[in-house]
Amino acid sequence: MMTATVNAVVNGGGGVGQKKTVLITGVSRGLGKALALEIAKRGHSVIGCSRSQDKLNSLQSQLISSSSDNDENQNHKHLFLNVDVCSNSSVEELAKVVMEKKGVPPDIIDGYMCLYMFAVNNAGTINKNNRLWEVPEEEFNAVIDTNLKGVANMLRHFIPLMIERKQGILVNMSSGWGRSAAAQVAPYCASKWAVEGLSKSVAKELPSGMAIVALNPGVINTDMLASCFGSSSSLYQTPDSWAPKAADMILNLTTADNGASLSV
């Protein structure tokens, strides 16, 4: 199975009717974009980042046009930034901007009680189908840098913000190939197995009131899936049909799920 990488930092959990703030990396396409649109549709605030400024601008416009709120409210409610999760300094700057723009702390964000802040890192990539010894070094490095180091960079800079509040749930999107294996995608499998191990290790390091899980989103018809499945990728569900189920699960995780490997 192949999926994009999603990593979520969640303050709190549950909270029926509670407005939340959700940070999503790799938000410009695929699972990240679908999840952002679904989260916003439910009335929550979205902080999105990607390396494509044009796609970020397009998503911002889409959220404004699909909302019943006026443009001024939507521009204030959501925040989109150009960030490369592979770069530790870029993620460090992201954390600073989130603090400055959204205030973590205090507990009020856009007029909502923000006991529940989610940071969803959806940046991910996969190698071209090939036997490991035929995968170019730079291609292998790109997979590890994005899928594993990108996750670590986000955790490095956002966990401390959660610890300040003494609460938080982190969701690292894994894959079916993070729990099994397949030929010709060894770099991708290795990165996802690493995400599983990273999540379980960090689960033992978090203080009381926090949790981290690895979440397998399932097999979704994205560009990444098409790169290794070809035309048969069309047999699987679209990101738009996946997003409501994923949002339900992610928004309702609690500290009782700490260390779990879950699936949508």
Side-chain angles (χ1 to χ4, degrees), residues 1-10 20-42 44-52 55-56 58-60 62-63 66 78 80-81 83-86 118-127 142-143 146-148 150-151 153-155 169-179 185 188-189 191-192 195-196 199 212-229 232-253 261-264:
M1 299 179 186
M2 192 288 303
T3 63
T5 306
V6 179
N7 201 40
V9 180
V10 182
K20 304 173 175 67
T21 296
V22 183
L23 191 161
I24 305 173
T25 68
V27 77
S28 63
R29 62 176 185 170
L31 303 187
K33 180 178 181 180
L35 188 60
L37 291 170
E38 179 64 28
I39 293 293
K41 185 172 73 173
R42 299 183 183 204
H44 305 297
S45 298
V46 175
I47 304 172
C49 66
S50 163
R51 292 182 294 184
S52 174
K55 291 182 179 178
L56 288 175
S58 175
L59 178 57
Q60 174 89 16
Q62 189 173 349
L63 287 176
S66 64
H78 306 301
F80 294 93
L81 303 163
V83 174
D84 181 0
V85 297
C86 298
F118 298 65
V120 181
N121 306 314
N122 180 65
T125 190
I126 194 169
N127 60 286
V143 172
T146 303
N147 296 3
L148 178 57
V151 170
N153 287 338
M154 289 296 295
L155 299 185
I169 299 172
L170 304 120
V171 181
N172 296 333
M173 200 66 86
S174 178
S175 168
W177 281 345
R179 302 168 192 175
V185 286
Y188 182 83
C189 291
S191 72
K192 292 303 189 177
V195 166
E196 291 274 340
S199 301
I212 185 169
V213 305
L215 182 63
N216 167 26
V219 186
I220 320 297
N221 181 16
T222 62
D223 291 342
M224 288 175 61
L225 188 71
S227 75
C228 52
F229 276 28
S232 64
S233 62
S234 63
L235 299 175
Y236 297 93
Q237 64 181 323
T238 65
D240 289 344
S241 63
W242 165 85
K245 294 174 287 185
D248 285 342
M249 176 170 280
I250 291 171
L251 293 172
N252 286 287
L253 290 168
S261 290
L262 306 174
S263 299
V264 175

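The shown structure was predicted, so the numbers you read here are calculated from the model rather than taken from an experiment.
Pairing each heavy atom of Leu225 with each of Ser233, the nearest pair is CD2-CB, 3.7 Å. The shortest heavy-atom contact between His78 and His44 is CE1-O, 3.5 Å. Counting all heavy atoms, side chain and backbone alike, Arg179 lies closest to Leu262 at NH2-O, 2.9 Å. Minimum heavy-atom separation, Val143 to Ser191: CG1-OG, 3.9 Å. For Pro244 against Glu38, the heavy-atom pair with the smallest separation is CG-OE1, 3.7 Å. Residue Met249 comes nearest to Leu215 through the heavy atom pair SD-CD1, 3.3 Å, listed as atom of the first residue, atom of the second, then distance.
Counting heavy atoms from C-beta outward, Asn216 and Glu196 have side chains that stay 4.5 Å or more apart. Looking only at side-chain heavy atoms (C-beta outward), Lys55 and Lys33 stay at 4.5 Å or farther from each other. Looking only at side-chain heavy atoms (C-beta outward), Asn221 and Phe229 stay at 4.5 Å or farther from each other.
Listed for the Arg29 side chain is no donor-acceptor partner under 3.5 Å among the backbone atoms of Thr222. Without hydrogens or angle criteria, Trp242 side chain to Ile220 main chain gives no donor-acceptor distance under 3.5 Å. Side-chain atoms of Asn147 come within 3.5 Å of backbone atoms of Thr125 as a donor-acceptor pair (strictly under, hydrogens ignored).
Rounded to the nearest 0.5 angstrom, Ser175 OG and Ile126 CD1 are separated by 8.0 Å. Note that CG of Leu59 and OG of Ser28 are 8.5 Å apart. Values are rounded to the nearest 0.5 Å. Leu35 CG to Leu251 CG: the interatomic distance, rounded to the nearest 0.5 Å, is 8.0 Å. Atom-to-atom distance recorded for Asn127:CG and Met224:CE is 9.5 Å, nearest 0.5 angstrom. Note that the CG atom of Leu170 and the CG atom of Leu253 stand 11.0 Å from one another [nearest 0.5 Å]. In this structure, OG1 in Thr25 is found 10.5 Å from CG in Asp84, a value given to the nearest 0.5 Å.
Among Ile250, Val27, Ile39, the one residue that satisfies the side-chain contact (heavy atoms from CB on, under 4.5 Å) test with Val22 is Ile39.
Within a 6.0 Å radius of NZ in Lys41, other residues, nucleotides and ligands contribute 12 heavy atoms or fewer. Within 6.0 Å of atom CZ in Arg51, 12 or fewer heavy atoms from other residues, nucleotides or ligands are found, so the atom counts as exposed in its surroundings.
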